[in-house]
Peer 1: 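Before anything else, here's the structure in question.
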Amino acid sequence: TFVVTDNCIKCKYTDCVEVCPVDAFHEGPNFLAINPDECIDCTLCEPECPINAIYPEDDVPAGQEHFTALNKELAKAWPVITVRKDALPDAKEWENKPEKIKLLER
Ligand code: SF4
């Protein structure tokens, strides 16, 4: 499966959701999550993310391994998103800030 990681938090660019052939993306207040039971590893979403927040499960950055389970958990709780929308208003300011996990809203 592919995994959305820390850098998505507080930015939430949604370019990825439009290319997913199986509607695996789910939307929360300030993060997107991929449902691993839907993802077919097509790889299409990975290059769409302007801030490189999406990784294959086997290639998640060190220290962010817990995002694999987190994506699964949050995807179950949140609605599907299939249409691109504007990023969060202050997305630019939050790009590439470390450890945004503390700011994840559920
Ligand atoms: Fe969807 Fe493909 Fe990304 Fe999996 S890898 S979430 S199937 S776009």
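Ligands are counted one by one from 1 in listed order, and the atoms in each one are counted from 1 as well.
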Peer 1: Spell out, as yes or no, whether a donor-acceptor pair under 3.5 Å connects the side chain of H26 to the backbone of A33.
Peer 2: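 No, H26 side chain to A33 backbone: no donor-acceptor pair under 3.5 Å.
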
Peer 1: Starting from F25, can I reach L104 by hopping between I/L/V/M/F/W/Y residues whose side chains sit under 4.5 Å apart?
Peer 2: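 Yes, L104 connects to F25 through the hydrophobic network.
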
Peer 1: Atom NZ of residue position K97 - does it have more than 12 heavy atoms of other residues, nucleotides or ligands inside 6.0 Å?
Peer 2: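 Yes - once you tally the heavy atoms of other residues, nucleotides and ligands closer than 6.0 Å, there are more than 12.
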
Peer 1: For atom 1 (Fe) of ligand 1, check which protein N, O or S atoms are under 2.8 Å away and list them.
Peer 2: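 You should have found C20 SG.
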
Peer 1: Going by side-chain contact (heavy atoms from CB on, under 4.5 Å), W78 matches just one of I81, L74, V80. Which one?
Peer 2: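 The residue from I81, L74, V80 that satisfies side-chain contact (heavy atoms from CB on, under 4.5 Å) with W78 turns out to be L74.
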
Peer 1: Transitive ILVMFWY cluster of V22 at side-chain heavy atoms under 4.5 Å: who else is in it?
Peer 2: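 For the cluster that includes V22, the remaining residues are I40.
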
Peer 1: Select one of side chain, backbone, both or neither to describe which atoms of T1 lie under 4.0 Å from any atom of ligand 1, heavy atoms only.
Peer 2: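 Neither part.
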
Peer 1: How close does the nearest protein non-hydrogen atom get to atom 5 (S) of ligand 1, and which residue and atom is it?
Peer 2: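 Minimum-distance protein heavy atom for atom 5 (S) of ligand 1 reads T43 N, 3.4 Å.
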
Peer 1: Just how far is it from atom CZ of F2 to atom OG1 of T43, taken to the nearest 0.5 Å?
Peer 2: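 That separation rounds to 5.5 Å.
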
Peer 1: If only side-chain N and O atoms count, and only distance matters, is there a donor-acceptor pair under 3.5 Å linking N7 with K100?
Peer 2: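 Distance-only check passes for K100 and N7.
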
